Amino acid sequence: MAIHSESLSLALASISPAMLVLIGAVLAALALLVIVLLLRGASLRREQAEEASFRAQENEARMAELLKIQAEMQGRIAAMTEVFGARQSELNQTISQRLDGMSKRVSSTITEQTKSTHENLQRLQERLAVIDAAQNNIQTLAKDVVGLQAILSNKQTRGAFGQSRMETIVADGLPMGAYAFQQTLSNGSRPDCTIRMPNGAPPLVIDAKFPLEAWNAIRDAGSSEAGKIAGQQFRRDMEVHIRDISEKYLIQGETQDTAFLFVPSESIFAEIHEHFEPVVQKAHRARIVIVSPSLLMLSIQVIQSVLKDQRMRAQAHLIQGEVAILMDDLSRLDERVRKLQGHFAMAQKDIDMVVTSADKLTKRGARIEALEFEVGGGDAKPARDGEAAAKSVESRTGLLKLRVVDEE
């Protein structure tokens, strides 16, 4: 330390006065600068303190305002909480009511659906019962069809079946005596049915022998070639049968010049007219009309109308006689009605006279009712003023004096 002091002294001694003055000025300037800096630092600190105080006041004001806003928010939140609570209560009540109503509706709907389902199941059971009955009927019908097929497989029984249908249609549509079955003609042939025509015309012949073997062969054909061969065979059989009917049953003067060939099936009749038009044309040329059950029924109805018209014309003179008798009866009835009208006129006159007598009796009764009754004797009291035509009766003394008041 002593060494440093000595060296500093030596250094100062070696410095010139001008240098010392300069150093002193520099030091003074430095001291002044330090003082200025200290003053500025104090001013800055004072400003910072004032600014901090101002900011603290602003923060306090803001904090107070925030606290006020927070209080207002809390109040609003409390109010909103109350409103929300009330609304939530109302909403819960409304939801509860709607849930109750919905539950009732759902319960009612479920009840109705259950009832409807029960009714549907009951109707379904009834329909199933009907279906079971129909199935039983179908099974029975299938057995009948099998039996019918067995019948139709035999030529003799098949002819009996077709004739049975034809006889049923004829018997249902015509009266007894208007037809005959298996009647022998002059040439020894026996048609299936003959229908007597009106006005002495020859009878109409109906044949029920339809060649069903060739038709069944067409149905049973497995190929087009077999079907073609079966169709040709059916056409030949039909032509032969039409020729036989024309030769056996169309007798001049004994039968009609037209005969019916009965086909016992509507479907076969339609197939013949659709696929075998030449056979139909040949039958028409031979005056043979192919008829189905419906056409035969229609023809029978036409014949029945003609027969009824003939019977009406035959009974026309009887009807005219009855009408003449009816006119005589009407004339007598008119005469008797006129006589009865005269009796009624006389009776009306007598009734008018009776009514006149009754009117006279009514007037006399009114006059009797207008009689005045006065008490008899010397000390009779005079009647009161204004009581003219009054009736006075003394039931105990018994003396009566009558004074008639003439209304006229």
Side-chain angles (χ1 to χ4, degrees), residues 119 123 126 168-180 195-201 203-204 294-408:
E119 292 177 354
R123 287 197 294 268
E126 293 176 356
T168 302
I169 294 173
V170 173
D172 290 340
L174 294 177
M176 293 295 297
Y179 57 89
I195 298 177
R196 296 181 178 88
M197 302 300 289
N199 300 323
L204 176 66
S294 60
L295 288 179
L296 179 60
M297 188 179 301
L298 180 61
S299 302
I300 294 299
Q301 291 177 357
V302 173
I303 294 172
Q304 183 182 12
S305 300
V306 174
L307 292 175
K308 186 181 295 183
D309 183 65
Q310 182 197 10
R311 289 195 298 270
M312 289 290 293
R313 287 197 301 270
Q315 300 297 326
H317 64 283
L318 297 177
I319 295 173
Q320 290 177 356
E322 293 294 333
V323 170
I325 295 172
L326 179 62
M327 293 302 295
D328 293 337
D329 293 337
L330 286 174
S331 299
R332 285 193 294 272
L333 178 62
D334 181 66
E335 182 179 358
R336 291 171 183 175
V337 168
R338 291 183 183 277
K339 290 181 180 180
L340 182 61
Q341 186 178 6
H343 292 312
F344 278 142
M346 294 177 63
Q348 184 66 35
K349 185 176 180 181
D350 294 337
I351 290 170
D352 292 337
M353 294 175 66
V354 170
V355 170
T356 303
S357 299
D359 291 339
K360 291 181 179 180
L361 291 173
T362 303
K363 290 180 180 180
R364 294 205 178 266
R367 291 176 182 177
I368 292 170
E369 287 181 359
L371 292 177
E372 291 185 356
F373 295 91
E374 297 180 356
V375 180
D379 53 352
K381 296 180 180 180
R384 295 180 180 178
D385 297 336
E387 293 183 355
K391 296 181 291 183
S392 176
V393 179
E394 184 178 2
S395 60
R396 294 183 180 179
T397 58
L399 295 177
L400 300 176
K401 184 177 179 180
L402 302 177
R403 183 167 63 86
V404 178
V405 179
D406 193 1
E407 292 180 357
E408 298 176 356

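Here the structure is a predicted model, which is why all the values come from computation and not from measurement.
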note = So CE of M346 and NE2 of H343: to nearest 0.5 Å the spacing works out to 7.5 Å
key: Main-chain N/O of Y179 paired to R196 side chain as donor or acceptor, under 3.5 Å   = yes
What donor-acceptor contacts under 3.5 angstrom involve side-chain atoms of residues 294-303, with partners at least two apart or in another chain?
| from | atom 1 | to | atom 2 | distance (Å) |
| --- | --- | --- | --- | --- |
| S294 | OG | E266 | OE1 | 3.3 |
| S294 | OG | E266 | OE2 | 2.9 |
| S294 | OG | S292 | OG | 3.2 |
| S299 | OG | L295 | O | 2.9 |

ask   = Under the side-chain contact (heavy atoms from CB on, under 4.5 Å) test, which residues partner V354, sequence neighbours left out?
value = none
ask   = How far does CG of L326 sit from CG of L333, to the nearest 0.5 angstrom?
value = 10.0 Å
query = For R123, which residues count as a side-chain hydrogen bond (donor to acceptor under 3.5 Å, both in side chains) partner, sequence neighbours excluded?
reply = N120
remark   = Quick note, salt bridge (Lys or Arg N to Asp or Glu O under 4.0 Å) partners involving residues 323-334, not counting sequence neighbours, are D329-R332, D334-R338
task = Mind checking salt bridge (charged side-chain N to carboxylate O under 4.0 Å, His left out) for K339 and listing every partner two or more places apart, or none if nothing turns up?
result = E335
query = Which residues satisfy the side-chain contact (heavy atoms from CB on, under 4.5 Å) test with A201, sequence neighbours excluded?
reply = M197, Q256
task = Take atom CD of Q341 as the centre, draw a 6.0 Å sphere, and report whether it contains more than 12 heavy atoms from other residues, nucleotides or ligands.
result = no
